[in-house]
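Below is one structure, written out as structure tokens, with a few remarks after it.
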Number of protein chains: 2
Amino acid sequence: MHERVSADRGAIDPVPLDHEAKALEAPAEHAAELRLWLRLLTLTTMIEGEVRRRLRERFDVTLPRFDLMAQLVRAPDGMTLSDVSKRMMVSNGNVTGLVERLVESGHVDRRVSETDRRAQVIRLTEEGRAAFRAMAVEHEAWIAEMLGGLDAGESEALMGLLGTVKASTRAAIDANARPRTDRNAATGGPR
Amino acid sequence: MHERVSADRGAIDPVPLDHEAKALEAPAEHAAELRLWLRLLTLTTMIEGEVRRRLRERFDVTLPRFDLMAQLVRAPDGMTLSDVSKRMMVSNGNVTGLVERLVESGHVDRRVSETDRRAQVIRLTEEGRAAFRAMAVEHEAWIAEMLGGLDAGESEALMGLLGTVKASTRAAIDANARPRTDRNAATGGPR
DNA sequence: GCCTGATATTTGAAGCTTAAAACAAGCCGC
DNA sequence: GCGGCTTGTTTTAAGCTTCAAATATCAGGC
């Protein structure tokens, strides 16, 4: 069945009643979470859109390319495409195309791994590094400007709360992704 | 992460902007905002990705279509494409294509406005409404599950903090979008 | 050596997304 | 009612993104 991830931390839970019928569940129960999610999404969309717009306007570069370069700048020894894919939380195929274009524009260098002939190791070129540094300076200022409405204490509090949500989100995702402990089942089923 | 790279061998640095001096004077100060932004983005990406995955798996529907239907369900009298575009914070052209596919699949009804022959008024069809209701029930549960790590007080606090950031973000965007001609302001020209 | 399963990447199809230009219709001052 | 500005929508080109299938390589067991 379904594991109930309880969030009660010692507090009295007023009548852990009816999770009976989905069709009858009170919308008011989850309204707070929905509003929270909506606000989170709206805020992120706003910031992301503005960053995208400014990157294009000031540097004629797309946000995904900037993000990819931001990953690479921290890895002077390079990363494989899989690494990048995991870090950026996008699909492998996506990274393939992105890297292709960055190699083409001279920002990224790509070579076959010396230890694994399946893998590609990519690095920033010198031009790529220089270009990214220039962009990063402004990008940092933009973020500070947009997120500047909080004092230090609020900032820390927000960081912590987001961390909490991140943890529960990860738990929810993991719980959902692992419904089968048995992994042979070669007799049929989808795929 | 970032050192004081003194690659600038000219007078690039000496803080020319009075009203932004505060934001530019302490680079170390920006690390907190960057981390905050990164966490915000990561969290949103995680949730969004999982919702997209489940919508596809359970209902064979894409997230943008679900979002559009979520807008329409609140407007029984319909909305114009422009309205939808603003509410969803996506481009007009985007909405055109999205609506096209939703009309095709029978979820949305589209007709020319009676008061403005330029405008299209779109509504959910009965099928669209039914389909959305079914999806919304589960969607709500998913969100509650993922965001369930907070108690009521934390939830409220997070809501408030996000609101604060949203306000400062909007201010930053508005300020940037206004290239005053009457004022001598630096228009971002070459320095 | 040869299977078998896992990992790294690419490819292909479909759809999403944006920016910019084109087009259509409303609005307004004269 | 004629210009000229604004607003609503579509179109186009380019790029992003996912999922699923295909390819290639690796790592062990025999």
Side-chain angles (χ1 to χ4, degrees), chain A residues 45-46 48-69 78-105 107-108 110-122 183-186 190-191, chain B residues 45-46 48-69 78-105 107 110-122 177:
Chain A
T45 302
M46 282 175 62
E48 198 171 342
E50 183 68 4
V51 168
R52 185 199 327 277
R53 203 184 61 70
R54 294 188 188 186
L55 279 177
R56 171 178 291 269
E57 178 181 295
R58 288 279 295 127
F59 302 103
D60 194 35
V61 77
T62 66
L63 183 52
R65 288 182 208 199
F66 176 80
D67 286 341
L68 179 45
M69 293 172 79
M79 304 173 71
T80 66
L81 297 203
S82 283
D83 291 339
V84 174
S85 168
K86 286 180 194 112
R87 292 285 287 270
M88 292 181 70
M89 297 194 288
V90 299
S91 66
N92 285 343
N94 192 349
V95 174
T96 294
L98 228 30
V99 167
E100 185 116 16
R101 287 181 284 269
L102 281 168
V103 167
E104 170 119 18
S105 67
H107 292 95
V108 163
R110 173 179 46 178
R111 65 187 65 171
V112 174
S113 165
E114 296 173 1
T115 60
D116 185 341
R117 269 184 301 176
R118 291 170 301 177
Q120 308 266 354
V121 176
I122 57 175
R183 65 201 333 251
N184 40 9
R191 184 176 184 72
Chain B
T45 302
M46 281 174 61
E48 198 172 341
E50 183 67 6
V51 169
R52 183 199 325 280
R53 202 184 62 71
R54 293 188 188 185
L55 280 176
R56 170 179 292 270
E57 179 181 295
R58 287 279 295 126
F59 302 104
D60 194 33
V61 78
T62 65
L63 182 52
R65 287 183 208 199
F66 176 81
D67 285 343
L68 201 157
M69 293 172 80
M79 305 172 73
T80 66
L81 298 202
S82 284
D83 291 339
V84 174
S85 167
K86 286 180 194 111
R87 294 285 288 269
M88 291 182 71
M89 298 193 287
V90 299
S91 67
N92 284 344
N94 192 348
V95 174
T96 294
L98 229 31
V99 168
E100 186 114 18
R101 287 180 284 268
L102 280 168
V103 168
E104 170 117 19
S105 66
H107 292 94
R110 174 178 47 178
R111 64 187 66 171
V112 173
S113 165
E114 296 173 1
T115 60
D116 186 341
R117 269 185 300 174
R118 293 169 300 177
Q120 309 266 356
V121 176
I122 58 175

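Per chain, numbering begins at 1; letters A, B, ... match sequence-line order.
Between the side chain of B/S85 and the main chain of B/V90, a donor-acceptor pair closer than 3.5 Å is present.
In the set C/dA19, D/dT11, C/dT9, C/dA19 carries the atom at the smallest distance from any side-chain atom of A/R56. You'll find that the side chain of B/T80 is closest to D/dT9, out of D/dT25, C/dT9, D/dT9. Nearest nucleotide to the side chain of B/D116, out of D/dG8, D/dC26, C/dT9: D/dG8.
Residue A/S113 places no side-chain N or O under 4.0 Å from the OP1 or OP2 atom of C/dA8. An OP1 or OP2 oxygen of D/dT9 is reached within less than 4.0 angstrom by no side-chain nitrogen or oxygen of B/S85.
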For a quick test of your reading: what N or O donor-acceptor pairs under 3.5 Å do the side chains of residues 93-103 of chain B make, sequence neighbours left out?
{"residue": "B/T96", "atom": "OG1", "partner": "B/N92", "partner atom": "O", "Å": "3.4"}

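B/S82 comes within 4.0 angstrom of sugar-phosphate atoms only, judged by non-hydrogen atoms across all strands, and of no base.
Looking at heavy atoms from C-beta onward, A/M79 lies in side-chain contact with A/R87 at the 4.5 angstrom threshold.
The separation between A/M79 atom CE and C/dA8 atom C1' is 14 Å, rounded to whole Å. What separates CD of B/E50 from P of D/dT18 is a distance of 14 Å, to the nearest Å. A/E57 places its CD atom 15 Å from the C1' atom of C/dA20, with the value rounded to the nearest Å. B/E48 places its CD atom 10 Å from the P atom of D/dT18, with the value rounded to the nearest Å. Rounding to whole angstrom units, CG of residue A/L55 and P of D/dC16 are separated by 12 Å. In this structure, A/D60 atom CG and C/dT18 atom P are separated by 17 Å, rounded to whole Å. Note: CZ (B/R117) to P (D/dT10) measures 16 Å, nearest angstrom. In this structure, the CE atom of B/M89 is 15 Å from the C1' atom of C/dT18, given to the nearest Å.
The pair B/E57-B/R54 fails the salt-bridge criterion, with no side-chain N (NZ, NE, NH1 or NH2) lying under 4.0 Å from an Asp/Glu carboxylate O.
The two residues A/Q120 and A/V112 have their closest heavy-atom pair at OE1-N, 4.3 Å.
Separating the OG1 atom in B/T80 from the CD1 atom in B/I122 is a distance of 8.0 Å, to the nearest 0.5 Å. Here CG of B/D67 is found 5.0 Å from CE of B/M88. Values are rounded to the nearest 0.5 Å. Taken from CG in B/L81 to NZ in B/K86, the straight-line distance is 11.0 Å, to the nearest 0.5 Å.
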Pick out the pairs of N or O atoms, protein on one side and nucleotides 14-17 of chain C on the other, that lie under 3.5 Å.
{"residue": "C/dC16", "atom": "OP1", "partner": "B/T62", "partner atom": "OG1", "Å": "2.9"}
{"residue": "C/dC16", "atom": "OP1", "partner": "B/R65", "partner atom": "NE", "Å": "3.2"}
{"residue": "C/dC16", "atom": "OP2", "partner": "B/R101", "partner atom": "NE", "Å": "2.1"}
{"residue": "C/dC16", "atom": "OP2", "partner": "B/R101", "partner atom": "NH2", "Å": "2.5"}
{"residue": "C/dT17", "atom": "OP2", "partner": "B/N94", "partner atom": "ND2", "Å": "3.4"}
{"residue": "C/dT17", "atom": "O5'", "partner": "B/N94", "partner atom": "ND2", "Å": "3.2"}

Give me the distances for all protein-to-nucleotides 27-29 of chain D N/O pairs that come in under 3.5 Å?
none

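Residues A/N92 and B/E100 each lie close to DNA chain D; by heavy-atom proximity, the contact nearer the 5' end of the strand is made by B/E100.
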